[in-house]
Each structure stands twice: as C-alpha cells, then as structure tokens.
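What follows is a single structure, written as structure tokens, with notes after it.
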Amino acid sequence: MESLFGDLFDDLESKSARFADVILPVPIPKMFTYKIPKSLEGEVGIGFRVMVQFGSKKVLTGIIGKVHQKPPKEYEAKPILDVLDSYAMVNPLQIKFWSWMAEYYCCHIGEVMNAALPAGLKLSSESKIQLNPTFDTETSPYPLDEREEVILQALASKSELSYDECEQLLGIKSIHGIIKSLVIKEAIIVFEQVKDKYTPKVESRIRFSQPFVEDRKSLETLFDELSAKPKQEEILLKYLQEVPIYQRPELNVKGLDKRIFADAGLSMSSLKTLIKNGVLEEYKLIISRFEEIQGNDEEVTLSEEQNRAIEEIKSSFQEKQVNLLHGITGSGKTEIYIKLIEEAIASGSQVLLLLPEIALTTQIVSRLQKVFGSKMGIYHSKFSDNERVEVWNGVISGKFSFVVGVRSSIFLPFDSLGLIIVDEEHESSYKQFEPSPRFHARDAAIMLSWLHQAKTLLGSATPSFESYFNARIKKYGYVQLLNRYGDASLPEFLISDILVDKKKQLLKLDFTRLMREKIQEALNNQEQVLIFQNRRGYAPYISCEDCGWIPECEHCDVSLTYHQYSEEMRCHYCGFKEKIPKVCPACGSGKLSAVGLGTERIEESLSLLFPEARIARMDLDTTRSKYGYQRILEDFGAGNVDVLVGTQMITKGLDFDRVTVVGILDADRILYFPDFRAGERAFQQITQVAGRAGRREKRGVVIIQSRKPDHFLFDQVIKGDYKGFYLQDMAERQKFFYPPFVKLIKVSCRHKDYKLAEKAARHLHNLLLEVQVKKIMLGPEKGLIGKIKNQYIFETLVKLDKSGNAQAIFKHELRRILESMYANKEFRSVRIIIDVDPY
DNA sequence: AGCACGCCGACT
DNA sequence: GTCGGCGTGCTC
C-alpha cells in the first residue's frame, strides 16, 4: 500500500518537475540547477545522465541528483541540452549513498560521482571544429594566412577536426590563436562533441542469406555451381558442418563466428566472394566480455562448527545489522560465505562480497565461480573500462545478482541488496587515500547496507580493533570459528635473534642460522618456503660508506629506494627515477653500498645461499601486468618454485599445502612503525603470514627474525592470544586518546612554498581550535613525509569526542572554515586535504 | 578544475 | 605596437 502511493507520488512529481539538480564533475561542493525543457519532460529523472552547458562554452555530462519545481531565485537556470540514457544509470539509493559519503568524508558529491562511475560511463567532451556552411572563400572580406588555408583545406575533405588533429596538421603547439582567428573570420564553427567511451565488444558472424535457408532447392543448385570452385565450396561445407541448417534452420539466425573459418585455414578471399555474391552475409553481434560459466551448484559440505556458525550468524542478524565473523586462518570462512550468499540470492536479494585487491585474483574467486557461475559478476581494478561497464549494466539488468569486487564495487547500481560481506575486514587497502573521496570501503559498506536495510558480515582472522571493539560493546554481533578446517594444526613459532647471530658471525646475507637451517630442511624434503619482507626494491636506500651521503628524491622528502634489477633508484611516492651514481656526488668516494633489505635483495641472497633452489619474487614490480600475479601463483602452486619471496601480497589467498616454512626477515620494521596502529598491524601481519604455513598434513614452522625477540607482541602472536593483545593495546589507546575512543580527522595543507604551507596550516589550526566541541588537537606539524611531489605538507590531527553530535558540529564548522580559507587571497592556492578516519 | 578577463614583459 | 605570461573570479 505504502509503496504504491510512494510510486504514484514520485510519478506525479517527476511529471510536473521543471528543474533538475545536476551533479557535475567539478570541485564545487554543490549541485547545479538546470531547467528541464518541455521536450524532455517525462524523459528524465533521478540518475539519468544529461548534457548541460557549464560556463560559457564547456559542455559537461552530469547525473541528475534531484528533480523539483522550485525555480532558483538568484539566477536564471540554463536548460538541459540532452539526455543520454533511456533508463537511469544510477538509482536513487545510490544518490543517497553518494550524498552520505560526501557529507561524512567532507568532500564534494562530484568527487564521489567521479569515483563511483566507471570511466566508460563518464562522457568525455572534446572541442572540435567544422566548416561554417555560410562561409565562402571568394566572398569573405577577411584574407586568410597560409596556416589558416591548410586547416580549411583539411576541412574540405574531413567534415570535422579535433584540436589535436589541427596541431598535428600544422606541426605547432598552440593552435588556439589560429582557431580563434578563423572563428572571428566566420570560417569555422567550434563545437563540443560528447562521446560515449563504452564500446560494446562485437564479433563478426557469418550466415547464409535468407533465400538459401528458405529454399532448399536453391542451395542445391548453388552447390552444383560451386563444384568448380572448391575453395568456396569448402567454406560452405564447413558452415553446414557447424550449423546444420537442413535439420535446424533456426540456427542460421545466429550463424557462425567469422574467425572459425580463418582458424580452419580456409580462404578468406573466397569467403569475401561468397558475401559479395550474396550467398553468405556478415553481421556484427554484440557479445559479452565475460565467458559464460555454468555454475554447478556443487554441494558444499560443512563441518559441524561451520553449521553452528551459520546458525549463530543468522540468529544474530535478527537483531543486529552487522556481524563480525572471527575465524582463524584456514577455518573455512569461504564455505560459510557461500551458504549465506546462496540463501540471500534465493530470497531474491542482491549480494556483494568485498575482497581486498590482491585477494581477488586467487583461488577464492574461481571457487565462487564454480558455485555461482555467470550470475556472479567480478569487479576488479585490473579490468578494462569496458569490462566494468558491463558489470555495471549487468547489475542493472539483473544478470548479476551477486558481485565479488574490490572496494570500488560498493558503487555498483544495486537496488535491493540483502547481504554485504566484507572479507579480510581489517585490510588497510579498503581505505582509499588518494584521491578524494578518502573513504573506507568497510565503513561505507555498512552504511550502504543500512540504506538497503540489508545485513553486513565482516570476516577476518585478525579483526580490526574497531570492529572487535564494536562487537564487544554489542553494537555488532560476534561469531567465532575456533578450529582449523580439516583439523590442520597451527604452526610452530620460532624467534631468531638477529643480534646474537651477528655477534657470533652466524648471520649470512641477513639470514640467521636457524632460518637457513629450516629453509634447507624444507628444500631437502621437497617442501615450499615463503619469505616475507614488506619492502620492495633491492634495498631501502644506498649510502656512502665514507661520508654517509644518502640519495634523496628531488620532489619528495624521502630517500630513493635502490632497485638493482633495473639499475636505478626510485621514489616510491612520485615515481621519480635516477641512475645509480658510480661515485658519491658528495665526497667522490666510490664506496656506495646498499643499506637495509628489500625483496630483490633477499631474492639475490637466497640464490647465493641456496644455489639449487628455484626462487621467485612477488611484489608490485613483478605483478604489474594483468595476469602477473596469477602467473606467479600458478607457478608456485604447480611446484615450479621452491622459495617465494614477497611483500604483503603473499599473505593473501595463498593456500598451498606444500608450504611448511614461513620466514619473516625483519619483524622489527613492522613493529616500530610510527603510528598508533603499529601494534595492531604487526599482530595482524605476522598472524596472517604465519597462517600460510602447514595447512594440511604437516605442521608448519614460522621463523621470525628480530633484534628484539623479547617483545611482548611475539609472545601473544605465538599463543594466538588476540584478545590479550587487544586488551593491552586498547588500554594504551584509551590513555592517549586514539580510536576507537575518539574520532580522528586529519587536516593537511599542501603547497610548493614551504613557508606558505606552514603559515596556512597554522592559520587553519587556529580557526579549528575555536570550534566549540570537545576535542584534542595535535600539530600543525610537518608531515611524516614532509614533501611529496614538490609539495610541502603540514598536518593537524583532530581527535574528536565520539559522544553526542561533536562530529556533526565539527564537520559543519570545518566546511565554513574551509570556505573562509579559500576566500582568503593569501591561502587561495594552498591545497587543503581532509581525511576522515585516516590510517 | 577549466576558462575568461585583465594587466605587465620580450618579440615581429 | 602585439603575443602571451599567470593572478583572480565564476560556473546553475
């Protein structure tokens, strides 16, 4: 009843709507009101893409966020120029979600839209020129110069030219002046062309022309005629073999993929002749970029514990919107997900499963694909734009009722989500840092599921302390899985003291004796080894042994990482590269040596220590290509590699039975990271890496090299005492006011002028101090990295009281303050960046 | 963000 | 004299 009236009302509203507030991809924090012209009445509504004029000449495409009949007071609304869609690309729920995100993360809704839409749905507008039809060279009062003539001649043969093409034509850089002059002389017209970037994938298909299908006699006559032309005959026979149109004439409609003839080695020119003579015809078929996969609904058998967990989750969902599933590595969370997803789909809901980027290319996806087949969509950052648009459309059309994807898949056009699962909920890659919106996909997913009145399941072996905190205060439900699936035992932990070995001269190429022995043992037994070092490159930096000089990035305040393989030094913040100097530029000494450990160097050390072992490396540098990651994993899985060295990539989704030894070379680096989450992260990372050891028959060994083997964290990791560590860390956080006890907002100022950046940050800090809410402020301080890409950074950290409406008030005031900063001439050019829930 | 308008240096 | 530099102001 209610929904009926709701629909009716909406309908009435849209029929009489005369104005539309359009979300545009511009960094201005509001929507823009345009008039809906009579001709488009009833053709547009929320979520339609429209073309509008913005400014004097620019044509932009935006999305309608609201329709209404309130004429703007201060200005005359311009009309919408055109609608691009016959149905809404974005639904009203998404607009609500975008608005919430813009509000919560203090950014503009246009920025959210930018992040949400796959590039293929954003339209690019490009200025082009065409001949002015009323122009005549003979009668024109204006003389044309040589270059202008060139352009006009080109336009005679080609109806339009882009600016780029004009530049190429004349071979000069600034074409603007010439074009302007031609416009003044009324010789050409400049227009904006909007082009849809999405191009459907097409296949050329061949089929018989209709007469031959309807009339069997004509086909026979044809064969008689062609007996003298064996090549053409061959083609027709091939076709009939694949498409038996005698028995099933209807098959001719779909025809046959053209490539089949080429693959069979048949003459393409004969095929052309047949088409030319009207025997065969060629047509284009729009096909999906995704292969059809039949799900086999394989029966998943669950352990008693898994069944119990499912029941607990379901009953907990009765009263709680969010549930935390805390299951140690290898406890079989995937099966539980499958069961819950199946049930949600069966009840007619959509389901979203979020995975961290690097886990998506692995076994879990192929596993799910086997169960769900092609009703499952995959949304991955390595997919092309076109592939993403197809997933987007597939969600709208209902083809995909279930999507597995990375953080940006929360933006897909779901309209009836029933369940969102966030796997590896603690993963920091769920947080987007650059560019804005700086959102956390887990937190946004909880909001999204709330908008859909759906449920959220957070899964992790090592939950984020926030989520665990929320579970403990009963805001979230909490379900635990305690046993490893198939009763695989937890690995044995060994802590190896780097300093002791160093003193005894037992440290060889950064490997302690214990580490070397265990690796050798595994190699002797034909078992596999994982070595974890969360630092790519050869070494963090090189240094001059004589004067201590360290090469630094020209644009950022960091040392350059030494990459031996490519023989260069690279900045991991801006991508700056430099050749390695032969001698120290500071003192001329030739003694430059690598300091510290990176994956490349470890790979090299391993091949020196274990010359017989097959070694591979997995980090950002070896997995750049679309399938790089998969290839390395497959190699490892097939047993072609004995030792795999890698960054945190190896902690995800690797599920190989033959790994018995896991080595962590420099645990201290994880432990002493300068941020309040260091302990939590260290616990998570070590536990996750350790979870890769010994999954089935044999108990694995985890060797941790450290200079501080007595650190209390090791003890708790070894015992698997998550709660103990949590409680200890929480006490610290409460004492020093860190989340989850406060809300953090980081406000930074960036500018190429050091002094100005600092001054702006001071000023901003003072303005923020005046906001009347309970809070603590730190800073302004030079950022941890003081300069990135030639921009100096100063930061203020605000710790807000979580109770009451301190957050809302502060964000509101923040907006006002930002405007005042922007209105201030002095600080206009300073970039101010707001990061809500940083880290 | 673009892009226009507007006021000061080095070029045919 | 002009072409072109980038400061600053606005976009429904």
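Since the model is a prediction, treat every value here as computed from it, not as a measurement.
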For nucleotides 9-12 of chain C, give me every protein contact, N/O to N/O, under 3.5 Å, one pair per line with atom names.
{"from": "C:dT11", "atom 1": "O3'", "to": "A:G55", "atom 2": "N", "distance (Å)": "3.2"}
{"from": "C:dC12", "atom 1": "OP1", "to": "A:Y34", "atom 2": "OH", "distance (Å)": "3.4"}
{"from": "C:dC12", "atom 1": "OP1", "to": "A:Q53", "atom 2": "O", "distance (Å)": "3.4"}
{"from": "C:dC12", "atom 1": "OP2", "to": "A:K78", "atom 2": "NZ", "distance (Å)": "2.4"}
{"from": "C:dC12", "atom 1": "O3'", "to": "A:T33", "atom 2": "O", "distance (Å)": "2.9"}
{"from": "C:dC12", "atom 1": "O3'", "to": "A:K78", "atom 2": "N", "distance (Å)": "2.8"}
{"from": "C:dC12", "atom 1": "O2", "to": "A:T33", "atom 2": "N", "distance (Å)": "2.9"}
{"from": "C:dC12", "atom 1": "O2", "to": "A:Y75", "atom 2": "OH", "distance (Å)": "2.2"}
{"from": "C:dC12", "atom 1": "N3", "to": "A:Y75", "atom 2": "OH", "distance (Å)": "3.1"}
{"from": "C:dC12", "atom 1": "N4", "to": "A:K30", "atom 2": "NZ", "distance (Å)": "2.5"}

Anything under 3.5 Å between a donor and an acceptor, one on a side chain of residues 783-794 of chain A, the other on a protein residue two or more places apart or in another chain? List them.
{"from": "A:K787", "atom 1": "NZ", "to": "A:E554", "atom 2": "O", "distance (Å)": "3.3"}
{"from": "A:N790", "atom 1": "ND2", "to": "A:H555", "atom 2": "ND1", "distance (Å)": "3.0"}

Identify all side-chain donor-acceptor contacts of residues 79-92 of chain A below 3.5 Å with residues at least two apart in sequence or on another chain.
{"from": "A:D85", "atom 1": "OD1", "to": "A:R49", "atom 2": "NE", "distance (Å)": "3.2"}
{"from": "A:D85", "atom 1": "OD1", "to": "A:R49", "atom 2": "NH2", "distance (Å)": "2.8"}
{"from": "A:D85", "atom 1": "OD2", "to": "A:R49", "atom 2": "N", "distance (Å)": "3.0"}
{"from": "A:D85", "atom 1": "OD2", "to": "A:R49", "atom 2": "NE", "distance (Å)": "3.1"}
{"from": "A:N91", "atom 1": "OD1", "to": "A:L93", "atom 2": "N", "distance (Å)": "3.1"}
{"from": "A:N91", "atom 1": "OD1", "to": "A:Q94", "atom 2": "N", "distance (Å)": "2.9"}
{"from": "A:N91", "atom 1": "ND2", "to": "A:P413", "atom 2": "O", "distance (Å)": "3.4"}
{"from": "A:N91", "atom 1": "ND2", "to": "A:F414", "atom 2": "O", "distance (Å)": "2.8"}

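Within the structure, the side-chain hydrogen bond (donor to acceptor under 3.5 Å, both in side chains) test picks out the following pairs touching residues 754-763 of chain A (sequence neighbours left out): A:K759-A:E826.
Contacts of A:Y430 classified as ring-ring contact (aromatic ring centres under 6.0 Å, His included), with partners at least two apart in sequence or in another chain: none. Listed by chain and number, the residues in a ring-ring contact (aromatic ring centres under 6.0 Å, His included) with A:H572 are A:H563 (sequence neighbours excluded).
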